[in-house]
Structures are given as C-alpha cells and as structure tokens.
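Only one structure is covered here, and it is reproduced in the block below.
All residue numbers in this chain count up from 1 along the given sequence. This is a predicted model, so every value here is computed, not measured.
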Amino acid sequence: LDAKERSYYAMSAADLIGDLGVRRFPGIINEVIEAARCHSLSRNTACVFHAMRCGESISRAIWIGIDKPLRQANGVLQSWGDYRAESDVRLVELKAGKGRPTWWKDRREFYEDVHAHLSTMYIAWRNPAMHLEKSYDSERAGEILNALTALVRAVSKHLDEAGAFT
C-alpha cells in the first residue's frame, strides 16, 4: 500500500466521522472503518457498500426525528428506501402544517437539508451499488466516502442514531 492507502487503512472511526459522530452514531463505527479499509485496498464498490450502510443509519435517525415510528414488515425493519419515501411524505405534511410539532420552525432547515443529501446519495450511489448496476473506481469511491463522513459529522452536531435532536 502507498502512503495514502495506508492512511485510510489505519484510520479510526473518530478520524473518519469525528468524536461526536462516534458518540452519536455508534452503530456505524464498524461500517465506516470497513469503508475506509476497503477504499485503502482498492475494493471500491465494497467501500461504497459500507458507506451506504452508514447512510441508512442516518436516514433512520431522520425518520425517527420527524416523528415516524420504526415499523417492521414480516419481522424486518424498514429499509432506506422506505425511510426516504415516507420521509418525503412527512416533510410535505410538515411544510403544509399537518401535525406540525412546536419544534418544526427551529429544525426545518436541518431536516430538509439532510433529507435532500440522503435522497441524492440514495439515488446516485446506494441503489446502483446495491443492485449490481455500477462498479466504482478508487477516485469515485473516495469521493463518496468523504461525502458520507462529512454528512455524518454535520448530522451528529444535532442528531443521534436514535433520532434525538440536540
């Protein structure tokens, strides 16, 4: 491995998503480390796969944060696609005033921004990686990993994986 590749392989979760990200999203620690290690070993599509699993955790936290209960279908927790689609509906309802909680005015921009980022990731990166539509080269996988880690750092300033807003 060259120096850059070694640096990704040796990174801790805190190096990647910050101490706050580690505290607020402990469930993604192994995934983010695996994403970095896969990137360092030029297992680029695997890097994107692990990064998208981190994105699902953020999507779930947003879902819970906007007052949607976690549900199961046939014993399986809903997927990122379910969270994204139903969050679209809930955000439209909130904008229209339907069931709007008192905190909406102060948190609207945060939830709308994060949801937009997640929707873009879902369409552009998650689905193609999960459904064998696309393979990624090292440069693109690195960009995706960096985008994901930046999003975790930003989201963890206000939200944890249980959907609690701070």
Side-chain angles (χ1 to χ4, degrees), residues 1-66 68 70 72-88 91 110-163:
L1 303 176
D2 68 24
K4 183 179 177 185
E5 291 166 335
R6 277 194 309 273
S7 72
Y8 271 99
Y9 195 87
M11 284 183 176
S12 69
D15 294 333
L16 293 157
I17 60 173
D19 291 331
L20 190 58
V22 168
R23 283 195 309 277
R24 297 232 170 124
F25 285 87
I28 68 170
I29 290 170
N30 290 334
E31 295 298 337
V32 76
I33 290 170
E34 282 301 309
R37 288 182 178 168
C38 287
H39 180 56
S40 74
L41 297 171
S42 296
R43 299 191 45 85
N44 302 309
T45 301
C47 167
V48 174
F49 171 83
H50 289 289
M52 293 304 101
R53 287 178 54 105
C54 297
E56 184 161 348
S57 180
I58 296 169
S59 186
R60 183 182 302 152
I62 293 294
W63 168 278
I64 298 166
I66 59 172
K68 296 294 280 185
L70 289 177
Q72 293 189 353
N74 299 324
V76 177
L77 210 53
Q78 291 175 295
S79 71
W80 190 347
D82 298 325
Y83 302 136
R84 189 183 66 82
E86 292 193 35
S87 292
D88 286 344
L91 288 171
F110 170 79
Y111 281 114
E112 289 177 346
D113 287 352
V114 173
H115 182 69
H117 285 287
L118 288 168
S119 292
T120 300
M121 285 181 165
Y122 180 83
I123 293 165
W125 303 329
R126 189 264 180 206
N127 276 355
M130 300 300 170
H131 299 294
L132 304 176
E133 296 170 15
K134 193 169 187 176
S135 294
Y136 295 89
D137 64 20
S138 182
E139 182 178 358
R140 192 67 178 134
E143 291 168 353
I144 292 168
L145 176 59
N146 290 335
L148 183 279
T149 58
L151 182 61
V152 173
R153 285 174 182 268
V155 169
S156 64
K157 291 177 185 174
H158 298 291
L159 198 67
D160 68 15
E161 69 186 8

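Ion pairing between a basic and an acidic side chain is recognised when a charged N comes within 4.0 Å of a carboxylate O; E143 and R140 show such pairing.
The line from NE2 of H39 to OH of Y8 is 4.5 Å long, rounded to the nearest 0.5 Å. Atom-to-atom distance recorded for R24:CZ and S57:OG is 13.5 Å, nearest 0.5 angstrom. Taking CD1 from I33 and OH from Y9, the interatomic distance works out to 11.0 Å, rounded to the nearest 0.5 Å. Note that the CD atom of E56 and the OH atom of Y122 stand 9.0 Å from one another [nearest 0.5 Å].
Closest heavy-atom contact between L16 and M11: CD2-SD, 3.4 Å. Closest of all the heavy-atom pairs between E161 and I28 is OE1-N, 4.3 Å. Residues C47 and A141 come closest through the heavy atom pair SG-O, 3.9 Å. Residue D19 comes nearest to A14 through the heavy atom pair OD1-CB, 3.2 Å, listed as atom of the first residue, atom of the second, then distance. In plain terms, the two heavy atoms of D160 and F25 that are nearest each other are C-CZ, 3.7 Å. M121 and M52 get closest at one heavy-atom pair: O-SD, 4.2 Å.
N146 and T149 form no side-chain donor-acceptor contact under 3.5 Å, judged by distance and modelled atom types alone. Side-chain polar atoms of H50 and N30 form no donor-acceptor pair below 3.5 angstrom.
At a threshold of 4.5 Å between non-hydrogen side-chain atoms, the residues L148 and W125 do not count as touching. Taking 4.5 Å as the limit, every side-chain heavy atom of E139 sits out of range of all side-chain heavy atoms of N44. Using a 4.5 Å heavy-atom threshold, the side chains of V32 and V152 count as separate. The side-chain heavy atoms of C54 and I17, taken from C-beta on, include no pair separated by under 4.5 Å.
More than 12 heavy atoms of other residues, nucleotides or ligands sit less than 6.0 Å from atom CZ of R84. Residue-environment remark: CZ (R43) stays at or below the threshold of 12 foreign heavy atoms within 6.0 Å.
At distances below 3.5 Å, not a single donor-acceptor pair connects side-chain atoms of S119 with backbone N or O atoms of A116.
Shown are L151, I62, V155, I58; of these, the side-chain contact (heavy atoms from CB on, under 4.5 Å) with H117 is made only by L151.
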